[in-house]
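Read through the structure below, which is laid out as structure tokens, and then see the notes.
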Amino acid sequence: MSRTTAPAPVDRKDDGATSPNGLSHGLKQRHLSMIALGGVIGAGLFVGSGAGIAAAGPSIVVAYAISGLLVMLVMRMLGEMSAANPASGSFSVHAERAIGPWAGFTAGWSFWFLLCVAVGLEGIGAAKIMTGWFPGTPEWAWVALFMLVFCVTNLAAVKNFGEFEFWFAALKVGAIVLFLGIGVLAIVGVLPGTDAPGTSNLTGDGGFFPHGSEGLIVGLLASVFAYGGLETVTIAAAESEHPVAGVAKAVRTAMWRIAIFYIGSMAVIVTLVPWGDEAVVEKGPYVATLDHLGIPAAGQIMNVVVLIALLSAMNANVYGASRMACSLVDRGQGPKALGRKFGGVPRPAVLVSSVFGFACVLLSYWRPDDIFVWLLNTIGAIILVVWFFIAVSQLLLRRRTEREAPEKLVVKMWAYPALTWVALAGMAAIFFLMAREEGTRVQLYWTGGLTLLLAVAGYVRQRAAARSAS
């Protein structure tokens, strides 16, 4: 099979200038570090983890630890490739270089689709909080306002995106650190007005595995998709002052953040609050824990934090979608108009990504029972598809880089290739578990359908390019 492989738009300049693909180097190291730190903290952690706790009980800690280990391996692989060849297309560029243009096309456009739909979902979530504070105001108006703010932010210089994310992430990190601090004090019995719970909530009411292995599986599937968002830091790295050093530092420090923020939070929550408490799902596990400890105005405090997390995710996803679309166009895999840049910013890509996201919101009102549900099911397992492309790409590119330019391996995957194969086996296991569970089987089918459609389209484009080049 003949194929053409377009050169990946790489950027190894650390001088703060404009990169070869026309994007500016407006992100500072503090921006990149905070994007990496804040990207792991989303609304899925603050709210969505409640369903996982209800299904798995205290064993949710094990579920988050297992999925966290998989995410650590994926990020290490992605960090190795991104430090060697920083590019705004990140894993899409790496997949193209390793497997072929069809793979870059499939990984890139599926991720773009995921981010655009996610922008709409996050906008809806943020609007619900605002209408709770301002009853009678229409949700769509709040979504439109948020979309406008972040569209304008991303249309301007990339440093504006960096500043927004810096402060959003700082507030999220501060909230998590404060929660963990209060939780630890309560667990050891030194928080005023509380007694140490001991292990009663971990071993009582059905034990550590109240629903057995099935509950652990449901919790595992819920935890996997809560980790989405870490990939944005490798996209942003291409527009940082020092791309190679920046992504290397961000990836290296992402490991302990996952352990502390996710696994630590789950351990604190299930130690302090009975896992069967309905408030864990209804209010969210963090609000339920603070209410259980008698913290005043816990609900409103966490609503503010969740709102910040949602707005941060909207901002980051508009940015990530626009850069991914721009990178695809630069490699001849999308409409040329999307790739135009003004002052180092791909403004048409920002506008189209924002409009697509807002269209998803309108569909939630116009067609809530069919098209919107289809959108939700389609994006259900895309992040796993992306991780699969990352692992296969790293497996192939590591050998090539060691042979051609070993000095580029600033970050190295641990125990290569053994742990890469372990990660691939873990992904295959999750796909299998999704196929077993009725609630996730439909998502797997729809995501598979979209992936197959994009792969066929990408392969047709690749063959056409090969024929025109010959």
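Computed from a predicted structure; not experimentally measured.
What you find for C151 and L351 is that their closest heavy atoms are SG-CD2, 3.7 Å. Of all heavy-atom pairs spanning G339 and C326, the tightest one is O-SG, 4.3 Å. Here the closest heavy-atom approach between residue A54 and residue V281 is recorded as CB-CG2, 3.7 Å. When every heavy atom of H94 is checked against every heavy atom of S82, the shortest pair comes out as NE2-OG, 3.4 Å. The two residues V268 and G183 make their nearest non-hydrogen contact at CG1-CA, 3.7 Å. The minimum heavy-atom distance between P210 and P58, with the atom names listed, is CD-CD, 3.9 Å.
Ring geometry for H211 versus W275: interplanar angle over 60°, hence perpendicular rather than tilted (30 to 60°). Relative orientation of the F179 and Y286 rings is tilted, given thresholds of 30° and 60° on the angle between their planes.
Side-chain contact, W142 with T137: a donor N or O sits under 3.5 Å from an acceptor N or O. Counted by atom type alone, R323 and S327 present zero donor-acceptor pairs between their side chains at under 3.5 Å.
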Quiz item: What do the steps show when you test L384 against M434 for side-chain contact (heavy atoms from CB on, under 4.5 Å), and what is the final call?
Solution: CA-CA 11 Å; L384 277 174; M434 288 188 72; 3.8 Å; yes
Exercise. Tell me, with the steps shown, if F164 and L311 meet side-chain contact (heavy atoms from CB on, under 4.5 Å).
Key: CA-CA 10 Å; F164 265 93; L311 296 181; over 6 Å; no
Practice problem: Might you work through the side-chain contact (heavy atoms from CB on, under 4.5 Å) test for L216 and F209, ending with a clear yes or no? | Solution: CA-CA 7 Å; L216 178 62; F209 294 90; 4.1 Å; yes
Practice problem: Show your working on side-chain contact (heavy atoms from CB on, under 4.5 Å) between L115 and M324 and close with a plain yes or no. | Solution: CA-CA 10 Å; L115 293 184; M324 183 59 74; 5.6 Å; no
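The salt bridge (charged side-chain N to carboxylate O under 4.0 Å, His left out) check on D277 picks up nothing, with sequence neighbours excluded. Scanning for salt bridge (charged side-chain N to carboxylate O under 4.0 Å, His left out) contacts around E214 gives R436, with sequence neighbours left out.
Within the structure, salt bridge (charged side-chain N to carboxylate O under 4.0 Å, His left out) contacts touching residues 300-315 (residues at least two apart or in different chains) do not occur. Residue pairs meeting the salt bridge (charged side-chain N to carboxylate O under 4.0 Å, His left out) criterion with at least one partner in residues 185-204, sequence neighbours excluded, do not occur; the list is empty. Applying the salt bridge (charged side-chain N to carboxylate O under 4.0 Å, His left out) rule to pairs touching residues 141-155 yields nothing, sequence neighbours excluded.
You'll find the side chain of W133 reaches within 4.5 Å of the side chain of N303, heavy atoms only. Side-chain atoms of R331 and S92, non-hydrogen and from C-beta on, do get closer than 4.5 Å to each other. At least one side-chain heavy atom of M302 sits under 4.5 Å from a side-chain heavy atom of L290. Side-chain contact check for R340 versus V329: every heavy-atom pair is 4.5 Å or farther apart. Contact of the L307 side chain with the M130 side chain is registered, since non-hydrogen atoms from C-beta on lie closer than 4.5 Å. Two residues are said to be in side-chain contact when any heavy atoms from C-beta on lie closer than 4.5 Å; L171 and V305 fail this criterion. Taking the side chain as every heavy atom from C-beta outward, L310 and I129 approach each other to under 4.5 Å. Residues V386 and I390 meet the side-chain proximity criterion, which asks for heavy atoms closer than 4.5 Å.
Using a cutoff of 4.0 Å between basic side-chain nitrogens and carboxylate oxygens, K341 and D330 are scored as salt-bridged.
At distances below 3.5 Å, at least one donor-acceptor pair connects side-chain atoms of H292 with backbone N or O atoms of L272. Side-chain N or O atoms of S322 include one that pairs as donor or acceptor with a backbone N or O of Y319 at under 3.5 Å. Under the 3.5 Å distance criterion, the side-chain polar atoms of S353 are left unmatched by any main-chain donor or acceptor of V350. T378 places no side-chain N or O within donor-acceptor distance of the main-chain N or O of W446, the cut-off being under 3.5 Å. In this structure, E80 contributes its side chain and M413 its backbone to a donor-acceptor pair below 3.5 Å. In this structure, N154 contributes its side chain and V318 its backbone to no donor-acceptor pair below 3.5 Å. N201 contributes a side-chain N or O that, together with a main-chain N or O of T271, makes up a donor-acceptor pair within less than 3.5 Å. In this structure, the side chain of S312 does not engage the main chain of A309 through any donor-acceptor pair within 3.5 Å. When atom types are taken as modelled, the side chain of S59 and the backbone of A56 share a donor-acceptor pair closer than 3.5 angstrom.
No more than 12 heavy atoms of other residues, nucleotides or ligands sit less than 6.0 Å from atom CH2 of W167. More than 12 heavy-atom neighbours from other residues, nucleotides or ligands sit within 6.0 angstrom of CZ on F342. Counting heavy atoms of neighbouring residues, nucleotides and ligands inside a 6.0 Å radius, atom CZ of F388 does not exceed 12 of them. With a 6.0 Å radius and a threshold of 12 heavy atoms from other residues, nucleotides or ligands, R441 has its CZ atom above the threshold.
Under the side-chain contact (heavy atoms from CB on, under 4.5 Å) test applied with W109, the options L328, L450, L114 reduce to a single match, L328.
Under the 6.0 Å cut-off for aromatic ring centres, W387 and F91 do not qualify, their centroids lying 6.0 Å or more apart.
Remark: I382 CD1 to Q443 CD distance equals 11.0 Å, nearest 0.5 Å. From N315, atom CG reaches atom CZ of F146 across 12.5 Å, with rounding to the nearest 0.5 Å. Atom CZ of F358 is separated from atom SG of C116 by 14.0 Å, given to the nearest 0.5 angstrom. In this structure, NZ on K283 lies 4.0 Å from CG on D291, to the nearest 0.5 angstrom. Taken from OG1 in T194 to CG in L185, the straight-line distance is 8.5 Å, to the nearest 0.5 Å.
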Which donor-acceptor pairs under 3.5 Å do side chains of residues 117-128 form with protein atoms, sequence neighbours excluded?
unit_1 : atom_1 : unit_2 : atom_2 : d
E122   : OE1    : M314   : N      : 3.4
E122   : OE1    : N317   : ND2    : 3.1
E122   : OE2    : N317   : ND2    : 3.0
K128   : NZ     : E139   : OE2    : 3.4

